[in-house]
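Can you read through this structure? Questions will come right after.
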Amino acid sequence: MERTLSSPEAPLGAGERPPVPFFDQSETFQELWPDIRENCLRVMDDGKFSHGSMVAEFESRLAEWTGARHVVGVNSGTDALVLLLKAAGLRPGEGVIVPAYTFIATASAVVLAGGVPVFADIEEHGYGIDPRSVRAVATERTRMVMPVHLFDRLADMDGVHAVARQHGLTVLEDSAEAIGMRLRGVHAGLLGLGGVLSFFPSKTLGAVGDAGALLTDDDAVAETAASLRHHGRSGRTVGHFPGIANPTVVPGCNSKMDDLQAAVLLAKLAVLDTGIDRRARLSAHYDRRLRPVPGVRAVPGDTPPHPGGGRTVYVHLVEVDERDALAAHLAGAGIGTETYYPLPLHLQPCFAYLGHVPGDFPRAERACRSALALPLHPDMTEEQVDRVCDAVEDFYSGRRR
Ligand SMILES: *Cc1c(COP(=O)(O)O)cnc(C)c1O
């Protein structure tokens, strides 16, 4: 038998059901394989594997898709954050207000860019930074605020902007998870001075390794970030600016994007809208099935997805009782889950020097204790969602096997 990209490792025994992986994109790859292959061959022929014309093509296509004036392709979402903070003018020792509940990279990027993370709590009904908490922690040492758009919705950007204006804070966004999320038609990452996207494989638009991008409408931020990603060389060497190897004016990094990643991303961008719609439908199905289950609480402040209306469900999150026991029960049934995020950032050992103690940000701590992400990806079927929901029901009805 010819080996296909999605052929299972081993045949299943009688009565055995295939596992439901937390994330899988083998069918998508199978479907897109002719386009991916063609793009990859173009890179091979071109012979420029880093920072070449495929990267430039992906940048301009993504700029069209998001409406960004500039897209700067880089090697990860994390480096995009570091470059964004530096390009936005963060100076050593200045504070950047970030939520205590987010992926670690939000705050470590601040440190890597020379700044100090200043934590704020999240909203009571949602996972975005709470503008009132931002106001409470702002001082004359804080220079920026960087809300994070987690899972399936935007942070309260109007509320953040109102506080930022009062305190003279620059607004950046960790929009790493937020491709396809828009506020009044404006894409995430363009609601302040700039934002980022991550193309980590399991993200909504995933590469086959690490990749990321910076989004901004600001010419100077784009110019500086483009220079920093390439050893601080002045002038963009891909995109709209012609290739010139000018002398280095600031020490930069090597944060360039690989052309083979761009080749895959370019092919996947063509089916991104379909994938986003599919995610919304699967997530709505989870909601219908799990709403009546005791022990499961819908995401705080939950509103139904509106397909095509500026919401992307990157992760289907639920808050549950006995979270870790449920995750173990699901694992036993062959169902993958992830804990987003197990430890609030103010209690991470690497930020112990900031002197926080448990209880400082109670909402962030609550989310860390009870949030669980269920499998969700465009290759999934409604039957697989049903299997996950059956197993969750079994757990809470005492029919644990
Ligand atoms: C994924 C993610 C990042 C980091 O992106 P990488 O591409 O993995 O470096 C940063 N912030 C948030 C909120 C993320 O979800």
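Read the numbers this way: they start at 1 and go in the same order the structure lists the ligands and their atoms.
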For A176, take its heavy atoms, then give the atoms of ligand 1 lying under 4.0 Å from any of them.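 In order of numbering, the contacting atoms are 2 (C), 3 (C), 10 (C), 11 (N), 12 (C), 14 (C).
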May I ask which of S198, S108, A109 has a heavy atom nearer to atom 7 (O) of ligand 1 than the others do?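 Answer by nearest heavy atom: S198.
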Can you report which non-hydrogen protein atom sits closest to atom 14 (C) of ligand 1, along with the distance?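 Answer for atom 14 (C) of ligand 1: K203 NZ, 3.3 Å.
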Just by modelled atom types, is the M257 backbone N or O under 3.5 Å from a matching donor or acceptor in the N75 side chain?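 Absent.
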If the test is ring-ring contact (aromatic ring centres under 6.0 Å, His included), which one of Y340, F119, Y341 qualifies with Y101?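 Running ring-ring contact (aromatic ring centres under 6.0 Å, His included) over Y340, F119, Y341 with Y101 returns exactly one hit, Y341.
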Can you pull out the closest protein heavy atom to atom 9 (O) of ligand 1? Residue, atom name and distance to 0.1 Å, please.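 Minimum-distance protein heavy atom for atom 9 (O) of ligand 1 reads T78 OG1, 2.5 Å.
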Identify the protein heavy atom lying closest to atom 3 (C) of ligand 1, giving its residue, its atom name and the separation to 0.1 Å.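 Checking every protein heavy atom, the shortest distance to atom 3 (C) of ligand 1 gives F103 CD2, 3.5 Å.
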Approximate separation, where rounding is to 0.5 Å, of Q384 CD and H285 NE2: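 Rounded to the nearest 0.5 Å, the CD-NE2 separation comes to 11.5 Å.
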Is it the case that K203 places NZ or CZ above or below the six-membered ring of F23, under 6.0 angstrom from the centre and within 45 degrees of the axis?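 Output no; distance or angle outside limits.
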According to the interplanar angle, ranging from 0 to 90°, do the rings of H187 and W65 count as parallel (below 30°), tilted (30 to 60°) or perpendicular (above 60°)?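 The rings of H187 and W65 stand perpendicular, inter-plane angle above 60°.
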Protein heavy-atom partner closest to atom 15 (O) of ligand 1 - residue, atom, separation in Å: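 That would be E177 OE2, 2.7 Å.
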Should one rank T102, N75, D174 by closest heavy-atom distance to atom 12 (C) of ligand 1, which comes out on top?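 Selected option, by shortest heavy-atom distance: D174.
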